[in-house]
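Note that this is a predicted model, so its numbers are computed, not measured. In what follows, every heavy atom counts, from backbone to side chain, and hydrogens, waters and symmetry copies are set aside.
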2 protein chains.
Amino acid sequence: MSVTLSDVANRAKVSPATVSRVLNGNYPVAAATRERVLRAVDELDYVLNGPASALAASTSDLVGILVNDIADPFFGIMASAVQAEMGCQDGDGTGRAGGEKLAVVCNTGGAPDRELTYLTLLQRQRAAAVVLTGDTVDDPAHAAAVAAKLARLAEAGTRVVLCGRPPLTAHPDAVLAALPFDNRGGGRALTSHLLELGHRSIGHVAGPAERTTTRHRLEGHREALAAAGLGGDRAGGGLTVHGPYDRRSGYEGARELLRREPGLTAVVAANDTVALGVCAALREAGLRIPQDVSVAGFDDLPFSADAVPALTTVRLPLQAAGARAGRLALGTEKPPPGRVAEIAAELVVRDSTGAPRTG
Amino acid sequence: MSVTLSDVANRAKVSPATVSRVLNGNYPVAAATRERVLRAVDELDYVLNGPASALAASTSDLVGILVNDIADPFFGIMASAVQAEMGCQDGDGTGRAGGEKLAVVCNTGGAPDRELTYLTLLQRQRAAAVVLTGDTVDDPAHAAAVAAKLARLAEAGTRVVLCGRPPLTAHPDAVLAALPFDNRGGGRALTSHLLELGHRSIGHVAGPAERTTTRHRLEGHREALAAAGLGGDRAGGGLTVHGPYDRRSGYEGARELLRREPGLTAVVAANDTVALGVCAALREAGLRIPQDVSVAGFDDLPFSADAVPALTTVRLPLQAAGARAGRLALGTEKPPPGRVAEIAAELVVRDSTGAPRTG
DNA sequence: CGCGCCGTAGAAAGCGCTTTCTACGGCGAT
DNA sequence: ATCGCCGTAGAAAGCGCTTTCTACGGCGCG
């Protein structure tokens, strides 16, 4: 049926062991022998049997990347950066060539149980590494389950990296490194910016209430508000609505906020996509951006600079963070001290925010 | 170290064979025995060893999804739909539960060699199925190489499905089914729409010249032009520029077109993202959309409806196509007769196109 | 000149599963 | 009552690799 190692060995007139060693390059093989083997590989169009190899070596070259929503560029950018680090360039068809991995992305849809299922599936494949991107639900039970799962993965030799996700509280040593985003700092910077412009009535269309990212961004927002002496009921809850990370949530959230507080002069959105929805609703209500109402996003996705008006937002270095996570997963880069390195968020002021109407 | 099948067998006081049969559910096992085994699995927190299982059964539960750009929602939507069909809901931690697969997406970046490398990697993993989404480069050598690779995959029992990609010319039987998009028809409909509105000077910011999708959309465009008696030099080449599928290409392409033909009244873009870039450039040139220049996109991605103005475009049922591809890959759905089913494209007229300035 | 070491290659024992083939009761049929 | 079949379970032979352990020349050294 299919070509095996021994077929290659026969053709090259060596033992299977030698072929294996040539392919893995982890044992001295005379140049002439190597040549002969490689030629045989080529002539027979041999492709390594991954499962067999994984079984014997009890490790595979699979690297899993978990994302919440594959259709969201936020994750796409990170996943793509992780994959790029795996350098998928082997050249010869054997799929060998030192350390190159099959980086695969798994779409959890943000659902806790799918997250666990994928983790199990990856554990079952004896994945070499797992990168978890994005936040998770803020539920102790689920956090514990995930932490336990990751601990077992780590035990089995899988390298676990968190990218844009808060460190584990339960089994912190299960992960090689955590690269959380500074969502709180970003949220604070954004709201401070709005406050400095003179805004006092700031709405917030936040993400799903149960997500850690939502909580952190909101905390930053409130910290800024509190620092300006604007804590209390209204700012704290009255002008905050929750919804998923999509455009529709922004649209509906903005309408709801407008209903609650027609005098609103600024809206902070959960992210850039939501901000676009907010803009649409405001425009529909006959409000100009930023003359009548300022709008701010989060993440600085590529389209944000092109929106009309260009979106003020908080830049998260998704690509850089993903790349770093990839290197960490591969072992190319040393983990940060304490295994945690917060990724800074940077305020990017564009055209969608301005001073409020006077009066 | 890790828990094996025999551990479970010992604990349940049965043979390993029986445990395997319970887990795979493809052999009669007495209810009481099954119970006992499942309890043991649970108590030991057993996770199947994928590679071992794949080796013995010579098939794995890995399903690969190849995409050109994971950060592009065009692919994200399809990939997500494919994954959704794999139903990743096993419940118990064993990762068993009939037929549920590990659907993984592989990002080729549109590069022919990465496409081949991923295919090799998947072949090496003895993937159960492979779904190739999106178009490919219009190069006979590469097409032949891919076709050959797919033929070998098919030979080894991997189910190959093409989604939004033209059927193979070389080894057509290697693929189970091809679901190409009607890019030509869509392109024709779009340009016809513009012609009916009265446009006569229509620019085209096309995709990369070497891609099949680009060629097909362009062919549709020219067919419409020719049907209106507007073939020839200008329409055929002078008002067409090429670039990647990103916003920047639209921006620069539009500027170039404006330079070549200031009297331009409409621009067709390679896709919606490009169209956004076109809009930005036009606006920057002081042109209103659609009063001065009409703009049309392609794909109908979610943001297109929200753009300002809302984009006239051609809807491709990405989600439905992906889902169907997933079912085909799983074997849940019968392949279409002839193994090819073209996916229809539908013109969606919104606010970015209108009648040209008179005079 | 002989001893041991180094560089290179082979033999063979698994890795943890699946699956065929065999075994063994208990049942209906003859 | 006996035969054979069905339903269920075990034994054991691999699946195609990796890797340890062993083997074997040729070399430098004593």
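- Across every strand in view, C/dA29 sits in a pair with D/dT2 that passes the Watson-Crick or G-U test at under 3.5 angstrom.
- Contact check, A/S15 against C/dA9: no side-chain N or O comes under 4.0 Å of OP1 or OP2.
- In this structure, the nucleotide among D/dT18, C/dT19, C/dC15 sitting nearest to the side chain of A/L55 is C/dC15.
- Picking from D/dT19, D/dT18, D/dG10 the nucleotide with the shortest atom distance to the side chain of B/R21 gives D/dG10.
- Comparing B/A57 and B/R36 along DNA chain D, the residue whose closest nucleotide (by nearest heavy atom) sits nearer the 5' end is B/R36.
- Taking the side chain of A/A56 as heavy atoms from C-beta on, and the options C/dC17, D/dT19, D/dC17, the nearest nucleotide is D/dC17.
- The only member of B/V160, B/V161, B/V82 that meets side chain to side chain contact (heavy atoms under 4.5 Å, CB included) when paired with B/L328 is B/V161.
- Across all strands shown, A/S58 has no heavy atoms under 4.0 Å from either base or sugar-phosphate atoms.
- Summarising the base pairing, D/dT22 is matched to C/dA9 through a Watson-Crick or G-U wobble pair whose two defining distances lie under 3.5 Å.
- Candidate nucleotides C/dG16, C/dT18, D/dT18 were compared by shortest atom distance to the side chain of A/L48, and D/dT18 ranks first.
- Relative to the side chain of A/N26, the nucleotides D/dT18, C/dT18, D/dT19 differ in distance, and D/dT19 lies closest.
- When the side-chain nitrogen and oxygen atoms of A/S53 are compared with OP1 and OP2 of D/dG16, none of them lie within a distance under 4.0 Å.
- Ranking D/dC17, C/dT18, C/dT8 by closeness to the A/Y46 side chain, first place goes to D/dC17.
- For A/T4, whose side chain is taken as the heavy atoms from C-beta onward, the closest listed nucleotide among C/dA9, D/dC17, D/dA9 is D/dC17.
- Between the side chain of A/S6 and the backbone N or O of A/P16 there is no donor-acceptor pair closer than 3.5 Å.
- Residues B/R126 and B/Y27 both approach DNA chain D. Their nearest nucleotides, taken by heavy-atom distance, put B/Y27 toward the 5′ side.
- Nucleic acid contact class of A/A17 (heavy atoms, under 4.0 Å, all strands): base.
- For B/N49, the listed nucleotide lying nearest its side chain is C/dG16; candidates were C/dG16, D/dT18, C/dA9.
- In terms of phosphate contacts, A/T33 brings a side-chain nitrogen or oxygen within less than 4.0 Å of OP1 or OP2 of C/dA9.
- Proximity note for A/A52 (side chain, C-beta onward) versus C/dC17, C/dT19, D/dC17: the nearest is D/dC17.
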